[in-house]
Amino acid sequence: MSKVVILKHPLIDHKMSMIRDKNTGTKVFRETVSEVGALITYEITRDLETVPKQIETPICETTVYELAKQVVIVPILRAGLGMVEGIHDIIPSAKVGHVGVYRDEKKLVPHVYYQKFPPGLSDSVVLVVDPMLATGGSASKAIEIVKSYGATDIRYVGLVGCPEGVERLRKDHPDVAIYLAALDSHLNEMGYIVPGLGDCGDRLFGTK
Ligand code: PRP
Ligand code: URA
């Protein structure tokens, strides 16, 4: 079964308190989602493999360590886009692939409308990012797609999850570790996470 990690960090908790507040406006919401994306990624990349390389500092020759694998960030459109900038700030060499998935508002099933990836997914560490893990349908579909392009080293990075989504993802993709800033209580009858933060895409892009 896949690893599930709920990050415990005072800065993440503090920023989540801002994101959850319905009175937080679009600008601060967008900036803070991006910052939490960066903080989570910093915590969950401790185990990335590095390789030694010989370089010269201004003083002498020395051994330094570089990331062994290419990192590819795959945001699930739209809301996943909100996490890309923050992650890119701390991994500037990362490439970005995109999966467009929207959730049918009544049936809550995912529909794929776009996919584009850099070459070499099979040799990369792939971070599938989306702030919300609700039924788990969108994340499961996005992971299925990156696997179809050859990805094997995949991590799901989200902000808010619930037991329903975590269970679904663990069942569908037991090989994918799940990292979240918070695990909430449940889904309501509309498919929203409780207490959650509302519709993340709408709050990021001001569409409601
Ligand atoms: C939201 C969210 C996830 C999905 C989660 O996207 O960003 O992608 O719902 O729900 P699920 O786990 O039940 O699939 P939405 O479909 O609202 O699209 P948007 O990001 O374009 O607003
Ligand atoms: N998508 C969102 O944006 N929010 C939820 O609570 C569930 C799905």
Side-chain angles (χ1 to χ4, degrees), residues 2 4 6 15-26 28-37 40-41 73-87 96-117 126-147 154-174 176-208:
S2 42
V4 181
I6 315 300
K15 290 178 191 295
M16 288 302 294
S17 78
M18 297 161 67
I19 291 172
R20 286 186 190 276
D21 189 335
K22 70 175 184 182
N23 295 315
T24 297
T26 304
V28 172
F29 185 86
R30 199 171 46 235
E31 289 167 354
T32 314
V33 165
S34 180
E35 288 164 8
V36 176
I40 297 176
T41 303
I73 310 165
V74 177
I76 302 178
L77 308 182
R78 293 175 300 166
L81 287 174
M83 297 167 67
V84 173
E85 191 177 331
I87 299 175
V96 182
H98 295 86
V99 184
V101 184
Y102 75 89
R103 201 170 73 134
D104 178 294
E105 283 185 8
K106 290 212 168 66
K107 295 183 187 141
L108 303 180
V109 291
H111 293 274
V112 179
Y113 59 88
Y114 186 74
Q115 39 190 296
K116 180 90 178 171
F117 301 105
V126 177
L127 305 178
V128 174
V129 307
D130 188 331
M132 309 307 286
L133 182 64
T135 65
S138 303
S140 180
K141 179 57 79 178
I143 291 168
E144 189 185 311
I145 292 169
V146 296
K147 283 183 173 175
I154 306 166
R155 298 165 193 219
Y156 172 85
V157 188
L159 263 50
V160 183
C162 60
E164 295 89 331
V166 167
E167 278 320 300
R168 165 84 185 267
L169 211 50
R170 293 186 92 188
K171 183 167 134 306
D172 292 356
H173 300 288
V176 174
I178 301 169
Y179 298 98
L180 293 166
L183 182 64
D184 279 9
S185 165
H186 63 279
L187 281 182
N188 69 14
E189 61 288 352
M190 309 282 286
Y192 280 92
I193 298 173
V194 181
L197 50 77
D199 189 307
C200 194
D202 284 342
R203 293 193 66 191
L204 279 169
F205 299 110
T207 39
K208 244 181 207 153

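Just so you know, ligand 1 is whichever comes first in the structure, and atom 1 is the first atom listed for that ligand. Only heavy atoms go into these numbers, but all of them, side chains included; no hydrogens, no water, no symmetry mates.
The nearest protein atom to atom 8 (C) of ligand 2, hydrogens excluded, is given as Arg103 NH2, 3.5 Å; this is a heavy-atom distance. The protein non-hydrogen atom at the shortest distance from atom 6 (O) of ligand 2 is Ile193 N, 2.9 Å. Of all protein heavy atoms, the one closest to atom 17 (O) of ligand 1 is Asp199 OD2, 4.3 Å. Nearest protein neighbour of atom 15 (P) of ligand 1, counting heavy atoms only, is Arg103 N, 4.3 Å. The protein heavy-atom contact nearest to atom 6 (O) of ligand 1 is Val101 O, 4.9 Å. Of all protein heavy atoms, the one lying nearest to atom 5 (C) of ligand 1 is Met132 O, 3.5 Å. In this structure, the protein non-hydrogen atom closest to atom 14 (O) of ligand 1 is Ser138 OG, 2.6 Å. When only non-hydrogen protein atoms are considered, atom 22 (O) of ligand 1 lies nearest to Arg78 NH2, 2.9 Å. Closest protein heavy atom to atom 4 (N) of ligand 2: Gly198 O, 2.8 Å. At the shortest separation from atom 5 (C) of ligand 2 among protein heavy atoms lies Tyr192 CD2, 3.4 Å.
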Dump the intermediate steps for salt bridge (Lys or Arg N to Asp or Glu O under 4.0 Å) on Lys147 and Asp172, then the final yes or no.
CA-CA 12 Å; Lys147 283 183 173 175; Asp172 292 356; over 6 Å; no
Verdict with supporting geometry, Arg170 and Val4, side-chain contact (heavy atoms from CB on, under 4.5 Å):
CA-CA 9 Å; Arg170 293 186 92 188; Val4 181; 3.5 Å; yes
Can you check salt bridge (Lys or Arg N to Asp or Glu O under 4.0 Å) on Arg20 and Asp184, steps first, answer last?
CA-CA 12 Å; Arg20 286 186 190 276; Asp184 279 9; 2.8 Å; yes
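Summarising the local packing, CD of Glu85 is surrounded by 12 or fewer heavy atoms from other residues, nucleotides or ligands at distances under 6.0 Å.
Remark: Met16 CE to Thr32 OG1 distance equals 10.5 Å, nearest 0.5 Å. Here the NZ atom belonging to Lys15 is positioned 6.5 Å from the CE atom belonging to Met18, to the nearest 0.5 angstrom. From Leu204, atom CG reaches atom CG of Leu81 across 8.5 Å, with rounding to the nearest 0.5 Å. In this structure, the separation between NZ on Lys208 and OG1 on Thr26 is 13.5 Å, given to the nearest 0.5 Å. In this structure, Cys162 SG and Asn188 CG are separated by 10.0 Å, a value rounded to the nearest 0.5 Å.
In this structure, atom 1 (C) of ligand 1 has its sub-4.0 angstrom surroundings free of protein heavy atoms.
Residue Gly201 places no N or O, backbone or side chain, under 3.5 Å from any N or O of ligand 1. Residue Ala134 places at least one N or O, backbone or side chain, under 3.5 Å from an N or O of ligand 1. Taking any N or O of Cys200, backbone or side chain, at least one lies under 3.5 Å from an N or O belonging to ligand 2. Inclusion of Tyr113 in the set of residues having an N or O under 3.5 Å from an N or O of ligand 1 is not warranted.
Here is the list of ligand 1 atoms found below 4.0 Å of a heavy atom in Asp130: 2 (C), 3 (C), 7 (O), 8 (O). For ligand 1, the atoms lying closer than 4.0 Å to a non-hydrogen atom of Tyr102 are 16 (O). When each atom of ligand 1 is checked for a heavy atom of Gly136 under 4.0 Å away, the hits are 11 (P), 12 (O), 13 (O). In summary, the atoms of ligand 1 found under 4.0 Å from a heavy atom of Thr135, numbered by their order in the structure, are 11 (P), 12 (O), 13 (O), 14 (O).
Checked by atom type, the side-chain pair Arg203/Thr24 shows no donor-acceptor distance below 3.5 Å. Using modelled atom types and a 3.5 Å distance limit, the side chains of Tyr156 and Asp130 yield no donor-acceptor pair.
Residue Gly191 places a heavy atom under 4.0 Å from ligand 2. Contact between Gly165 and ligand 1 is absent, with no heavy atom of the residue lying under 4.0 Å from the ligand. Remark: distances from the non-hydrogen atoms of Leu108 to ligand 1 are all 4.0 Å or more.
In this structure the side chain of Tyr114 never reaches within 4.5 angstrom of the side chain of Val99, judged on heavy atoms.
The two residues His98 and Leu77 have their closest heavy-atom pair at CD2-CD2, 3.8 Å.
Classified by interplanar angle (parallel below 30°, tilted 30° to 60°, perpendicular above 60°), the ring pair Tyr102/Tyr113 is tilted.
Contacts of Ala134 with ligand 2, taken as heavy-atom pairs under 4.0 Å, involve the side chain alone.
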